[in-house]
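Chain identifiers are assigned alphabetically (A, B, ...) following the order of the sequence lines, protein sequences preceding nucleic acid strands; residue numbering begins at 1 within each chain. All figures in this text were calculated on a predicted structure; none of them were measured in a lab.
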2 protein chains.
Amino acid sequence: MTDEQLASAARGPYPKGIARRQEILDRAIEVFARRGSKRTSLRAIAEEVGVTHAALKHYFGSLDELLVEVYRASESGGARPRHPEGATPVEVMRDAATRNREVPGLVQLYSTLVASALEEEHPAAREFATERFARQRETLAERVRRNQAAGRIRPDVDPVAVAALAIAASDGLQTQWLLDPDAPQEAALALLDELLAPPADPS
Amino acid sequence: MTDEQLASAARGPYPKGIARRQEILDRAIEVFARRGSKRTSLRAIAEEVGVTHAALKHYFGSLDELLVEVYRASESGGARPRHPEGATPVEVMRDAATRNREVPGLVQLYSTLVASALEEEHPAAREFATERFARQRETLAERVRRNQAAGRIRPDVDPVAVAALAIAASDGLQTQWLLDPDAPQEAALALLDELLAPPADPS
DNA sequence: GTCTATACGTCGATAGAC
DNA sequence: GTCTATCGACGTATAGAC
């Protein structure tokens with residue numbers, strides 16, 4: 001089976017199909033953003049988008065795959081802040097968290113995807129989450145190294161451990177904050193940032 | 001409506017009913033422990049427990065409530081390590097994480113409950129998660145204060161922020177580790193512990 | 001290729017018999 | 001207190017219209 005045939009089976013490689021798929025995805029994203037955390041079934045999305053649920057299946061293969069695509073698009077859709085080279089990993093996560101707060105239901109969607117990823121019968125969600133965590137750890141670890149070289153993060157900490165910690169903290173604090181807006185999300189992230197800074201040097 | 005009537009509607013207040021409920025719950029816990037992260041529907045659980053799904057509903061009200069009860073019991077069921085008064089909050093979370101690893105499916109169950117808690121139509125899960133986070137933050141913050149008084153944690157950090165951070169880190173690192181056993185769970189928690197320790201004092 | 005119509009099996013929930 | 005019967009909704013699968 002060629003790559004083209006594979007792609008065809010899953011989503012249609014031809015201009016018309018690709019465009020249609022994107023069109024449906026755009027509508028779906030809009031529906032999610034408007035709905036907030038409300039219930040989302042394949043059939044409900046299909047109805048709001050204006051097609052049958054079988055059409056969604058045709059383009060996306062499964063509900064999980066559609067949800068992954070919607071999350072990917074929603075996440076990268078907002079205003080991208082372009083962090084300066086030297087921004088702290090925690091600062092990056094904090095900006096992401098702030099942006100997430102603007103999009104209703106996005107954190108819920110993420111949480112659902114991660115929970116599904118932990119169960120065997122959701123391969124699409126699992127692949128998404130595993131890949132995303134791995135890539136995030138890599139990217140952030142590299143940023144830690146840059147910060148260490150610039151003297152902005154203590155040199156005696158393992159970059160990968162810092163990355164994993166920052167991701168975990170960001171994810172966990174967002175859900176705590178969503179359940180209880182009094183939970184100290186910003187304060188806790190700021191705290192982590194300070195803890196990672198090198199000991200004060202009264203040069 | 002009296003408390004007794006309320007309890008009756010939900011779970012049966014009379015000795016026989018209570019005993020039966022506990023009996024069913026015990027079987028359900030055993031089923032979960034044996035099954036690992038496998039699929040869990042009200043009907044599947046009922047079949048393995050040896051009753052109909054209607055009976056489960058009678059005693060637990062909803063699938064969510066049953067899952068919450070199973071998680072509560074599984075979590076507190078294992079060997080309780082009784083931490084020394086002076087144990088660090090991170091040490092406490094690390095022990096909990098280690099224990100969780102021994103019970104297949106427990107972290108998945110927790111993750112499912114938290115994800116459900118973020119959606120409006122799961123009040124039982126939401127109440128469970130909100131309460132649990134709040135209580136955990138309180139308990140851990142108190143522990144932070146004790147550690148600060150004893151000079152084991154730097155005095156200049158906010159106890160509640162530390163507690164929220166430790167919980168988030170523990171939760172997030174467990175899911176990262178589950179998706180990728182190479183993810184630095186222990187290392188990241190150890191790192192957080194070190195960061196919270198007071199600056200070395202060469203007395 | 002794109003999409004609809006239709007059907008299958010399972011789900012959580014509910015009503016009423018016993 | 002526990003069952004059977006039934007409900008509407010779900011994700012998925014497939015045949016075939018165009």
Check whether the side chains of B:Gln176 and B:Asp180 place a donor and an acceptor atom closer than 3.5 Å, and report yes or no.
-> no
Side-chain ion pair, B:Arg21 and B:Glu69, N-O less than 4.0 Å = yes
Considering only NZ, NE, NH1 and NH2 on the basic side and carboxylate oxygens on the acidic side, decide whether B:Glu91 and B:Arg94 come within less than 4.0 Å.
-> no
Quick one: are B:Phe60 and B:Leu42 in side-chain contact, heavy atoms under 4.5 Å?
-> no
Can you pull every protein N or O that's under 3.5 Å from an N or O on nucleotides 10-14 of chain D?
{"from": "D:dC10", "atom 1": "OP1", "to": "A:Ser41", "atom 2": "OG", "distance (Å)": "3.1"}
{"from": "D:dG11", "atom 1": "OP1", "to": "A:Leu42", "atom 2": "N", "distance (Å)": "3.1"}
{"from": "D:dG11", "atom 1": "OP2", "to": "A:Leu42", "atom 2": "N", "distance (Å)": "3.0"}
{"from": "D:dG11", "atom 1": "N7", "to": "A:Arg43", "atom 2": "NH1", "distance (Å)": "2.4"}
{"from": "D:dG11", "atom 1": "O6", "to": "A:Arg43", "atom 2": "NH1", "distance (Å)": "3.0"}
{"from": "D:dT12", "atom 1": "OP2", "to": "A:Leu63", "atom 2": "N", "distance (Å)": "3.1"}
{"from": "D:dT12", "atom 1": "O4", "to": "A:His53", "atom 2": "NE2", "distance (Å)": "2.8"}
{"from": "D:dA13", "atom 1": "OP2", "to": "A:Lys57", "atom 2": "NZ", "distance (Å)": "2.8"}

Given atom [atom1] of [X] and atom [atom2] of [N], what is their separation to the nearest angstrom?
X       : N      : atom1 : atom2 : value
B:Ile45 : C:dT10 : CD1   : C1'   : 14 Å
A:Phe60 : C:dT2  : CZ    : P     : 12 Å
B:Glu65 : C:dA13 : CD    : C1'   : 13 Å
A:Leu56 : C:dT2  : CG    : P     : 14 Å
B:Ile24 : D:dC3  : CD1   : P     : 8 Å
B:Glu47 : D:dC3  : CD    : C1'   : 16 Å
A:His58 : D:dC18 : NE2   : C1'   : 13 Å

CD-OG distance between A:Glu47 and A:Ser41, expressed to the nearest 0.5 angstrom | 9.0 Å
Enter the distance from B:Arg152:CZ to B:Thr88:OG1 here, rounded to the nearest 0.5 Å.
-> 7.0 Å
